[in-house]
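Data first, discussion second: the structure below is written as structure tokens.
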Amino acid sequence: MPELPEVETVRRGLEPAMVGERFAAIDLRRPDLRFPFPERFTERLTDRRVEGLRRRAKYLIADLDGAELLIMHLGMSGSFRIEKAGGLTHGAPLLGARPKNSAHDHVAFELSNGTRIVYNDPRRFGFMQLIPRPEFAAHPLFKNIGIEPLGEELDGATLARLFAGRTAPLKSVLLDQTLIAGLGNIYVCEALHRAGLSPRRPAASLARKDGGPNKRATLLARVIRDVLNEAVAAGGSSLRDHRQTDGALGYFQHSFRVYGRDNEPCTRCGGKVRRITQSGRATFYCGGCQR
DNA sequence: AAGCGAACCTGGCTGC
DNA sequence: TGCAGCCAGGTTCGCT
């Protein structure tokens, strides 16, 4: 499910509910998700206070008042929902706020103010880890993570440097989390369409011979930022599983120009949107205006 | 080294 | 209606 905009949406939903609270109890319903939960997971969290909630790539990172960080990844189908003490409060209950199948509620964090934060993940590709704060940068999960696309580093020059010498298709390289962190299948397809670049083009074609950026690289860097910022503002894209923490749907899926639109006309040139497979994943693009 | 396909797991949709 | 097959927003492992 979740690419950078969806994870950021979840972070913004959880932050006001969690930060400043302590974990009063942890309701752990199974021993593992994608990986086993850490040893003594509930004991290590209980009574810890959440000092902050950050995002790095597609990871959520809760800063705890002890020496540890709680790392959470949503995999393909993970979601959090917030249940305030006394039930869902303000206004009418949001339709669908509660997943049909609570059998996939795997963890509930019970906070000191009575709020419950429930993690649901049907496919269980998500996971949680506890790592010592000093080990964060060198930790295997994070040491090879690439730049933040909404940070300062992403510009044409950086793209050209990252892509120089790469013969793999632009689409595959943009999905490589060790280069740029947070892009996934949807937003790569959408950014390439906005930039008018073919997903099949060799990544190195965005660098000049001297390694500097060409106009394509500069344009691509800009539209990556644009599409991610617009998606965050829309609360992410809800195709199947993604919900905001109050149960509301994201709505950026209504703004897709190519993703999931195979055989439809391109909104820019009227050509037909095509679907191909690259590295085992669906790619959507317009053969007419993406070169 | 880089690039690609398979695997992890469940649910939803399509087509016979 | 039922069932087989295919597909899904991510990441990692193993084989060229």
Side-chain angles (χ1 to χ4, degrees), chain A residues 1-11 29-36 55-60 71-80 96 99-106 119-129 139-146 149 162-192 199-204 227-228 231-232 234-244 249-256 258-263 275-284:
Chain A
M1 146 199 170
E3 307 182 30
L4 185 153
E6 290 73 36
V7 178
E8 179 60 24
T9 297
V10 171
R11 192 199 68 76
R29 311 272 179 85
R30 56 175 299 126
D32 56 42
L33 295 170
R34 176 175 191 162
F35 307 118
R55 179 191 57 74
R56 173 76 170 104
K58 299 170 191 169
Y59 293 88
L60 291 169
I71 310 297
M72 297 170 279
H73 194 288
L74 303 176
M76 289 280 269
S77 59
S79 64
F80 282 98
K100 282 184 213 160
N101 199 346
S102 62
H104 300 301
D105 288 351
H106 304 308
Y119 180 69
N120 182 282
D121 187 356
R123 294 177 71 179
R124 304 201 305 273
F125 284 171
F127 60 92
M128 297 188 188
Q129 284 287 303
H139 191 275
L141 288 175
F142 297 103
K143 68 178 178 191
N144 292 320
I145 292 278
L162 292 173
F163 293 176
R166 299 239 167 202
T167 59
L170 192 48
K171 161 78 184 308
S172 305
V173 173
L174 286 167
L175 285 174
D176 185 339
Q177 302 295 298
T178 70
L179 302 176
I180 304 172
L183 293 177
N185 211 29
I186 291 176
Y187 299 107
V188 167
C189 291
E190 292 298 312
L192 287 173
R200 312 165 70 152
R201 160 189 291 280
V227 72
L228 293 177
V232 170
S237 302
S238 293
L239 296 185
R240 280 165 275 283
D241 301 301
H242 170 64
R243 286 180 184 272
Q244 303 185 44
L249 298 169
Y251 56 88
F252 191 74
Q253 67 277 13
H254 302 302
S255 301
F256 292 170
V258 286
Y259 188 85
R261 304 181 78 102
D262 42 323
N263 295 320
R275 179 202 157 111
I276 60 173
T277 299
Q278 291 179 293
S279 302
R281 324 236 6 225
T283 297
F284 300 91

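Proteins get letters first, then strands, A, B, ... in listed order; numbering begins at 1 in each. Reckoned from all heavy atoms, side chains included, excluding hydrogens, waters and symmetry mates.
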For C:dG9, does OP1 or OP2 lie under 4.0 Å from any side-chain N or O of A:Tyr259? yes
When Watson-Crick pairs (N1 to N3 and N6-O4 or O6-N4) and G-U wobble pairs (N1-O2 and O6-N3) count only below 3.5 Å on both distances, what is the dot-bracket string of DNA chain B, with | for other-strand pairs? .|||||||.|||||||
Between P of B:dA2 and NZ of A:Lys171, the distance in whole Å: 20 Å
A:Arg55: partners by salt bridge (Lys or Arg N to Asp or Glu O under 4.0 Å), with sequence neighbours left out: A:Glu8, A:Glu148
side-chain contact (heavy atoms from CB on, under 4.5 Å) partners of A:Leu239, counting only residues at least two apart: A:Ile186, A:Gln253, A:Phe256, A:Tyr259
Identify, with sequence neighbours excluded, every residue that meets ring-ring contact (aromatic ring centres under 6.0 Å, His included) alongside A:Tyr251. none
Integer-rounded Å distance: C:dT11 P and A:Asp121 CG: 13 Å
Checking A:Arg124 now: which residues fulfil side-chain contact (heavy atoms from CB on, under 4.5 Å) with it, not counting sequence neighbours? A:Arg30, A:Leu33, A:His106
Between C:dC7 and B:dG5 - P atom distance, rounded Å: 14 Å
A:Phe35 CZ to C:dT12 P: how many Å, rounded? 6 Å
Regarding the side chain of A:Arg275, the nearest nucleotide among C:dG10, B:dG11, C:dA8 is C:dA8
Checking A:Thr178 now: which residues fulfil side-chain contact (heavy atoms from CB on, under 4.5 Å) with it, not counting sequence neighbours? A:Asn144, A:Asp176
Using the test ring-ring contact (aromatic ring centres under 6.0 Å, His included), find all partners of A:Tyr59 that sit at least two apart in sequence or belong to another chain. A:His73, A:Phe142
Return yes if some donor-acceptor pair links the side-chain N/O of A:Asp262 with the main-chain N/O of A:Arg275 below 3.5 Å, else return no. no
N/O (side chain, A:Arg281) to phosphate O (OP1/OP2, C:dA8) under 4.0 Å: no
To the nearest Å, give me how far apart NE2 (A:His106) and P (B:dT10) are. 9 Å
Spacing between A:Met76 atom CE and C:dC7 atom P, to the nearest angstrom: 13 Å
Where does the angle between the aromatic ring planes of A:Phe35 and A:Phe127 fall among parallel (under 30°), tilted (30 to 60°) and perpendicular (over 60°)? perpendicular
In whole angstrom, what separates A:Leu141's CG from C:dT11's P? 11 Å
Has the side chain of A:Gln278 got a donor or acceptor atom that lies under 3.5 Å from a matching backbone atom of A:Pro169? no
C:dG9, OP1 or OP2 - any side-chain N/O from A:Lys58 closer than 4.0 Å? no
Round to the nearest Å and state the distance from A:His242 atom NE2 to C:dA8 atom C1'. 16 Å
Establish, with yes or no, whether the OP1 or OP2 oxygen of C:dA8 is under 4.0 angstrom from a side-chain nitrogen or oxygen of A:Ser77. no
Please enumerate all residues that pass side-chain contact (heavy atoms from CB on, under 4.5 Å) together with A:Arg281, with sequence neighbours excluded. A:Lys171, A:Leu175, A:Asn185
Do nucleotides 4-9 of chain B as a string where each nucleotide becomes B, S or -: B if the base has a protein heavy atom under 4.0 Å, S if just the sugar-phosphate does, - if no protein is that close. SS--BB
Rounding to an integer number of angstrom, what distance separates B:dA6 and C:dC6 when you compare their P atoms? 13 Å
Please confirm whether the shortest side-chain N or O distance from A:His73 to OP1 or OP2 of C:dG10 is below 4.0 Å. no
Rounding to an integer number of angstrom, what distance separates B:dG12 and C:dT11 when you compare their C1' atoms? 23 Å
